[in-house]
Structures are given as C-alpha cells and as structure tokens.
Amino acid sequence: METNLLVAGFGGQGVMMLGKLISYAACDNSDKKITFFPSYGAEQRGGTANCYVVISDDDIGAPVGDRMDDLIVMNGPSLQRFLPLLRPGGNLFINSSVVKEQIARDDLHVVAAPVTELALEMGNAKVLNVIMLGVYIGYTEVLGADLVEQTILQKLGKKQALIPLNKEAFARGIAIGEAARA
C-alpha cells in the first residue's frame with residue numbers, strides 16, 4: 001500500500017517538522033519505504049511552505065505524486081492551491097483555527113481541528129504541528145501512534161522540559177483523529 005501526503009501552510013507553522021516526523025517514524029522505526037520532498041516559498045518565516053511525503057510498503061517510483069491521498073492544510077492559501085491535487089475519496093485535514101473557507105467538494109473526508117487554538121490553550125503555539133500530526137495519525141492509522149510518539153520524543157527530546165507538552169499535544173491530536181474516524 002502507498003500513501004501520498006501533502007502538508008502545506010505558512011512558514012513558522014511547523015509544516016516541515018510535521019512531514020519530517022512522519023518520515024522519521026516510518027524510516028527509523030518501521031519497515032516502510034519513505035520519501036520526503038520539501039518545498040519552500042520565496043520568503044522564509046511567514047511565506048509558504050509545503051512538503052510531500054510518500055509512505056509505501058514497496059519501492060517508491062517517484063518522490064512526488066500528482067494526486068494526493070491525504071492533504072493537511074494549515075492556512076487558507078494552501079487550501080486553495082492544493083485542494084485540486086486531492087483525489088476523490090481522499091482525506092483533507094484542516095487547521096480550522098485559521099482556515100475558514102467552505103470546502104466546495106463533497107467527495108472528500110474532511111477532518112477539521114482547531115490546532116492553533118488548542119496549542120495556544122496549552123501555552124505554546126509551536127505545538128500546533130504536533131497536535132495536527134496526532135490528528136492525522138489518529139484518523140488514518142498510516143503508522144502506529146506509539147511509533148510516532150516514540151519518534152517525537154527522540155527528535156524533539158533535546159529540550160527535556162518540552163517533552164510533557166509534546167506528549168500532551170500529540171495525545172490531544174490522536175483523540176481528535178480517532179473521534180473523527182469513529
């Protein structure tokens with residue numbers, strides 16, 4: 001099985017780290033094949049950023065597909081730009097704190113989560129990507145939640161004081177994703 005994911009948003013929303021965490025989890029801790037292909041806008045912080053992640057049981061023919069199975073959008077411009085790439089029946093994950101546009105398609109599974117609001121409630125806006133990662137994993141189960149959490153702790157564990165916050169953020173996202181799936 002192969003899953004094509006596109007993660008998109010503004011620079012500073014943790015888009016690349018979200019894609020990297022999925023990639024690290026699949027590459028380091030499973031037998032899956034993985035590609036990670038980042039794309040940055042002309043600006044840095046505040047500009048556009050997106051990344052393509054392909055997770056497969058078999059060899060991957062191309063690092064970027066032309067049709068996405070899953071799309072995570074953290075802002076409105078990313079929704080407008082990348083929604084046409086999402087295949088019918090695909091999964092659309094929206095940061096509903098920022099993305100207010102109505103979805104003009106009825107052939108998708110839409111999971112809206114107010115990840116920016118949740119991160120601010122937790123006291124650190126930087127965990128919004130970890131919450132969204134939890135939403136994605138909780139809904140799709142493309143990788144095991146315990147495997148991804150282990151990767152989060154390995155890759156983001158240099159700041160020991162933030163480990164409980166990242167664990168809580170991921171758990172909140174998992175709960176949202178599982179509830180949406182049910």
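In this chain, numbering begins with 1 at the start of the sequence shown.
Following chains of ILVMFWY side-chain contacts shorter than 4.5 Å, one cannot reach Val98 starting from Leu118, and the two form parts of different hydrophobic clusters. Linking Ile, Leu, Val, Met, Phe, Trp and Tyr residues whenever their side-chain heavy atoms come within less than 4.5 Å leaves Tyr24 and Leu162 in two separate clusters. Both Phe36 and Leu5 sit in one connected hydrophobic cluster of ILVMFWY residues. Membership requires side-chain heavy atoms under 4.5 Å apart, directly or through other members. Under a hydrophobic clustering in which Ile, Leu, Val, Met, Phe, Trp and Tyr are joined whenever their side-chain heavy atoms come within less than 4.5 Å, directly or via other members, Val73 and Val110 fall into the same cluster.
Annotation: side chain of Val111 is not in contact with side chain of Asn91 (no heavy-atom distance under 4.5 Å). By the 4.5 Å heavy-atom criterion applied to side chains, Ile103 and Leu79 are counted as neighbours. Counting heavy atoms from C-beta on, the side chains of Ser78 and Phe10 never come closer than 4.5 Å. Using a 4.5 Å cut-off on side-chain heavy atoms (C-beta onward), Ile72 and Leu6 make no contact.
Taking both residues in full, the closest heavy atoms of Ala49 and Val15 are given as O-CG1, 3.8 Å, listed atom of the first, atom of the second, then distance. Smallest separation of non-hydrogen atoms from Gly138 and Ile174: N-CD1, 3.6 Å. Looking at every heavy atom in both residues, Leu143 comes nearest to Ala25 through CD1-CB, 4.0 Å. For the residue pair Ala169 and Val127, the shortest heavy atom distance occurs at CB-CB, 3.8 Å. Looking at every heavy atom in both residues, Ser96 comes nearest to Lys100 through O-NZ, 3.0 Å.
Applying the ring pair (Phe, Tyr, Trp, His ring centres under 6.0 Å) definition to pairs two or more places apart or across chains, none involves residues 95-126. Among residues at least two apart or in separate chains, side chain to side chain donor-acceptor pair (under 3.5 Å) pairs with a member in residues 114-124 are Asn95-Thr116. Residue pairs meeting the ring pair (Phe, Tyr, Trp, His ring centres under 6.0 Å) criterion with at least one member in residues 147-182: none, sequence neighbours excluded. Applying the side chain to side chain donor-acceptor pair (under 3.5 Å) test to pairs two or more places apart or on separate chains, those with a residue in residues 169-179 are Glu168-Arg172.
Every residue two or more places apart in sequence or in another chain was checked for a side chain to side chain donor-acceptor pair (under 3.5 Å) with Thr3, and none qualifies. Remark: Glu141 pairs with Arg181 by the salt bridge (charged side-chain N to carboxylate O under 4.0 Å, His left out) rule, at least two apart or across chains. Judged as a side chain to side chain donor-acceptor pair (under 3.5 Å), and not counting sequence neighbours, the contacts of Asp57 are Lys32. Residues that satisfy the side chain to side chain donor-acceptor pair (under 3.5 Å) test with Arg87, not counting sequence neighbours, are Asp69. Partners of Asp59 according to the salt bridge (charged side-chain N to carboxylate O under 4.0 Å, His left out) rule, which considers only residues two or more places apart in sequence or in another chain, are Lys33. Applying the side chain to side chain donor-acceptor pair (under 3.5 Å) test to Tyr136 and every residue at least two apart in sequence or in another chain returns Asp70. Applying the side chain to side chain contact (heavy atoms under 4.5 Å, CB included) rule to Pro88 yields the partners Arg67, Arg105, Asp107; only residues at least two apart in sequence or on another chain are considered.
Considering CG of Leu18 and CD1 of Ile131, their distance stands at 11.0 Å, rounded to 0.5 Å. We find the CD1-CG distance between Ile94 and Leu108 to be 9.0 Å, quoted to the nearest 0.5 Å. Atom CG of Leu21 is separated from atom CD of Glu149 by 12.0 Å, given to the nearest 0.5 angstrom. With rounding to the nearest 0.5 Å, the separation of SG in Cys51 from CE in Met17 is 11.0 Å. To the nearest 0.5 Å, the span separating OG on Ser23 from CD1 on Ile34 amounts to 4.0 Å.
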Exercise for the section: Evaluate the side-chain contact (heavy atoms from CB on, under 4.5 Å) criterion for residues Met132 and Val7: first the C-alpha distance (whole Å), next the side-chain angles of each, then the deciding distance (0.1 Å), finally the verdict. Expected result: CA-CA 10 Å; Met132 185 59 90; Val7 184; over 6 Å; no
Practice task
Please assess Val54 against Glu2 for the test side-chain contact (heavy atoms from CB on, under 4.5 Å), listing each intermediate value before the final yes or no.
Solution key: CA-CA 7 Å; Val54 180; Glu2 183 171 292; 3.7 Å; yes
Practice task
Would you check, one step at a time, whether the test side-chain contact (heavy atoms from CB on, under 4.5 Å) holds for Leu120 with Leu128?
Solution key: CA-CA 8 Å; Leu120 292 173; Leu128 71 93; over 6 Å; no
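A donor-acceptor pair under 3.5 Å links the side-chain atoms of Gln13 to the main chain of Met74, judged by distance alone.
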Report all side-chain donor-acceptor pairs from residues 151-159 shorter than 3.5 Å, counting only partners two or more places apart or in another chain.
unit_1: Thr151; atom_1: OG1; unit_2: Asn29; atom_2: ND2; d: 2.8
unit_1: Thr151; atom_1: OG1; unit_2: Leu147; atom_2: O; d: 3.1

